[in-house]
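Report on the structure given below.
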Amino acid sequence: MQTVYEFTLPKGYVDSAGEVHKRGKMRLATAGDEISATRDPRVLSNPSYLTIVILSKVITELEGMDMVTPTTMERLFTADLAFLQDMYQRINDVEVPELSVVCPDCGKCYKVPLNFTTED
């Protein structure tokens, strides 16, 4: 069973030195991740902050960064946050994330695993 998924952010996280970080890894969430996030004081005072806290727990790597924190998540571009929210929903869904595709040559339909890595 796959528990860690690689991704490439559409825009990228820009650190304080102006360096852009795009590639990373997200692991499947545990019940403990979601429970502890709901108890976070920032979430208790602002329920919208739940996404930020959970993503900071399940994103295990962001290239060139020592660690991913809620502050890191706050500084993402909205396109990247939306991308990660979608990815989180898809990989933590009951079904394996797949896309239906049609071969342009023969017209046959196939199911292929969803790849969160984008090419530049």
May I ask you to test the Leu76-Leu9 pair for a side-chain heavy-atom distance under 4.5 Å? yes
With sequence neighbours left out, which residue pairs that include part of residues 46-55 fulfil the salt bridge (charged side-chain N to carboxylate O under 4.0 Å, His left out) condition? none
Is Tyr5 linked to Met1 within one hydrophobic cluster, defined over Ile, Leu, Val, Met, Phe, Trp and Tyr using a side-chain heavy-atom separation of less than 4.5 Å? yes
Residues in salt bridge (Lys or Arg N to Asp or Glu O under 4.0 Å) contact with Asp80, at least two apart in sequence or another chain: none
To the nearest 0.5 angstrom, please state how far the CG atom of Leu55 sits from the CG atom of Leu50. 9.0 Å
Evaluate the side-chain proximity of Pro70 to Tyr49: yes if any heavy-atom separation is below 4.5 Å, no if none is. yes
Test item: Asp33 side-chain N/O and Thr30 main-chain N/O as donor-acceptor pair under 3.5 Å: yes
Atom pair CE (Met65) and OG1 (Thr72), whose distance is rounded to the nearest 0.5 Å: 4.5 Å
Atom pair CE (Met73) and CG (Leu84), whose distance is rounded to the nearest 0.5 Å: 6.0 Å
Minimum heavy-atom separation for Gly12 to Lys22, with atom names? CA-CG, 3.8 Å
Can you name the nearest heavy-atom pair linking Glu34 to Ala29, along with the distance? OE2-CB, 4.5 Å
Is the shortest side-chain heavy-atom distance between Asn92 and Leu28 below 4.5 Å? yes
Taking the side chain from Gln89 and the backbone from Ile91, do they hold a donor-acceptor pair closer than 3.5 Å? no
For a 4.5 angstrom cut-off between non-hydrogen side-chain atoms, does Val4 reach Arg27? yes
Please determine whether residues Phe77 and Val20 belong to a single hydrophobic cluster, defined as Ile, Leu, Val, Met, Phe, Trp and Tyr linked transitively by side-chain heavy-atom distances below 4.5 Å. yes
Nearest heavy-atom neighbours spanning Val53 and Ser56: O-OG, 2.7 Å
Which distance, rounded to the nearest 0.5 Å, do you find between the CE of Met26 and the CD of Glu6? 12.5 Å
Within a strict 4.5 Å, meaning less than it, do heavy atoms of the Phe7 and Ile59 side chains meet? yes
Qualifying salt bridge (charged side-chain N to carboxylate O under 4.0 Å, His left out) pairs with a residue from residues 52-77, counting only residues at least two apart or across chains: Lys25-Glu61
Side-chain contact, heavy-atom cut-off 4.5 Å: Ile52 with Val43? no
